[in-house]
Amino acid sequence: MSTDRPLIGVLALQGDVREHLAALGAAGADAITVRRAGELARVDGLVLPGGESTTISRLLAAFDLLEPLRARVAGGMPVYGSCAGMILLAEKIIGGRSDQHQVGGIDAVVRRNAFGRQVDSFEADLDFAGLDGGPVHAVFIRAPWVESASASVEVLARVPDTPGAGEAGGRIVAVRQGRVLATAFHPELTGDHRVHRLFADMVRESLN
Ligand code: GLN
């Protein structure tokens, strides 16, 4: 029964927590907020929401969650990071603050605020490897991109390389490495729950 509806936490220190809780529920998981080590210890998987990675990183340290979270990710707990969450999961970042902490888990370099200040947000339809049902409509908000990734990182989606896409064309915006999933965009905002379903399936698999 518990594997039918895995218990998935949403890190609730800052960011768009409610939208992820709703999307996880729609994707067949039981979802709870995580603010304390005791809550982190209970969940089968965790979502790191979008927000501000510098703030979330500071709060992770202040709430004594940074080391327990690193330990759970290293121990194989599935984790999904969206936008600021992707930044936190990168082993290395460009454009971060010097005192910003990384949770790590994806062997990639992620560029913060990569799409430029003048383009605060934009939307695009992405081919997303492994998801049936056509392109994923992706909302990017002061988003990062994956600048480079090691061979062990699976690239799931890129910005379409259309004329006019400029520097953004072809950039990697969704990746998976083992049980760690990350998107530069916000699937919790569109009502399309396929990415959350993919993550819920990753959590179920980890329990079998
Ligand atoms: N630019 C933000 C950061 O650096 C991320 C934006 C987002 O999560 N929507 O954390």
Side-chain angles (χ1 to χ4, degrees), residues 8-24 31 33-35 45-63 65-66 69-70 73 79-106 108-126 128 136-149 156-159 166-168 171-177 180-196 198-199:
I8 301 183
V10 180
L11 184 70
L13 302 177
Q14 190 256 344
D16 66 337
V17 173
R18 246 187 328 162
E19 293 81 352
H20 279 289
L21 292 170
L24 288 166
T33 55
V34 167
R35 288 190 192 88
L46 185 71
V47 172
L48 309 184
E52 191 53 50
S53 59
T54 52
T55 305
I56 297 174
S57 128
R58 187 166 45 75
L59 292 172
L60 276 171
F63 281 67
L65 277 173
L66 189 58
L69 178 52
R70 283 178 177 152
V73 175
V79 55
Y80 164 44
S82 161
C83 202
M86 172 189 257
I87 297 169
L88 289 160
L89 290 172
E91 292 293 337
K92 272 201 175 155
I93 59 172
I94 300 171
R97 275 177 44 159
S98 54
D99 59 350
Q100 186 163 355
H101 309 290
Q102 297 309 115
V103 175
I106 293 189
V109 180
V110 166
R111 182 180 290 275
R112 222 179 133 223
N113 300 325
F115 293 93
R117 285 179 193 284
Q118 62 279 42
V119 189
D120 251 10
S121 64
F122 72 100
E123 305 188 9
D125 289 323
L126 312 178
F128 196 113
V136 170
H137 186 69
V139 177
F140 295 85
I141 304 167
R142 289 186 297 285
W145 67 44
V146 177
E147 186 90 7
S148 61
L156 300 178
R158 295 175 183 267
V159 175
E167 265 236 86
R171 295 292 180 172
I172 300 168
V173 288
V175 289
R176 176 175 177 177
Q177 183 171 14
V180 185
L181 176 70
T183 64
F185 55 93
H186 293 268
E188 73 281 9
L189 298 180
T190 56
D192 177 347
H193 302 124
R194 285 177 291 168
V195 174
H196 288 82
L198 165 66
F199 182 59

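Just follow the structure's listing: the first ligand is 1, and inside any ligand the first atom is 1.
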Check the pair Tyr80 / His196 against ring pair (Phe, Tyr, Trp, His ring centres under 6.0 Å), numbers first and verdict last.
-> CA-CA 9 Å; Tyr80 164 44; His196 288 82; 5.8 Å; yes
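Regarding atom 5 (C) of ligand 1, its nearest protein heavy-atom neighbour is Gly51 O, 3.4 Å. When only non-hydrogen protein atoms are considered, atom 10 (O) of ligand 1 lies nearest to Ser53 N, 2.4 Å. Of the protein's non-hydrogen atoms, Arg112 NE, 2.5 Å is the one closest to atom 4 (O) of ligand 1.
Looking at Ala84 next to ligand 1, an N or O pair under 3.5 Å apart turns up. In terms of polar-atom proximity, defined here as any N/O pair under 3.5 Å, Asn113 does make such a contact with ligand 1. Considering both main-chain and side-chain atoms, Gly50 never comes within under 3.5 Å of ligand 1 through any nitrogen or oxygen pair. Ligand 1 has no N or O atom lying under 3.5 Å from any N or O atom of Ser82, backbone or side chain.
Between Leu189 and Ile141, the closest side-chain pair of non-hydrogen atoms falls below 4.5 Å.
Heavy-atom proximity to Cys83, at under 4.0 Å, picks out these atoms of ligand 1: 5 (C), 6 (C), 7 (C), 8 (O), 9 (N). Remark: ligand 1 atoms within the under-4.0 Å shell around heavy atoms of Ile87 are 3 (C), 4 (O), 10 (O). The Glu52 neighbourhood of ligand 1 comprises atoms 2 (C), 3 (C), 4 (O), 10 (O), with distances under 4.0 Å to a heavy atom of that residue. Numbered from 1 in the order shown, with element, the atoms of ligand 1 that lie under 4.0 Å from a heavy atom of Arg142 read 1 (N), 2 (C), 5 (C), 6 (C).
Residues Ile56 and Pro49 approach most closely at CD1-O, 3.9 Å, considering heavy atoms. Between Arg158 and Leu126 the shortest heavy-atom distance is O-CD2, 3.5 Å. Asp125 approaches His137 most closely through the heavy-atom pair OD1-ND1, 2.8 Å.
In this structure, Glu167 places its CD atom where only 12 or fewer heavy-atom neighbours from other residues, nucleotides or ligands lie under 6.0 Å away.
Remark: Glu147 does not engage Arg112 in a salt bridge, criterion side-chain N to carboxylate O under 4.0 Å.
Separating the CZ atom in Arg142 from the SG atom in Cys83 is a distance of 8.0 Å, to the nearest 0.5 Å.
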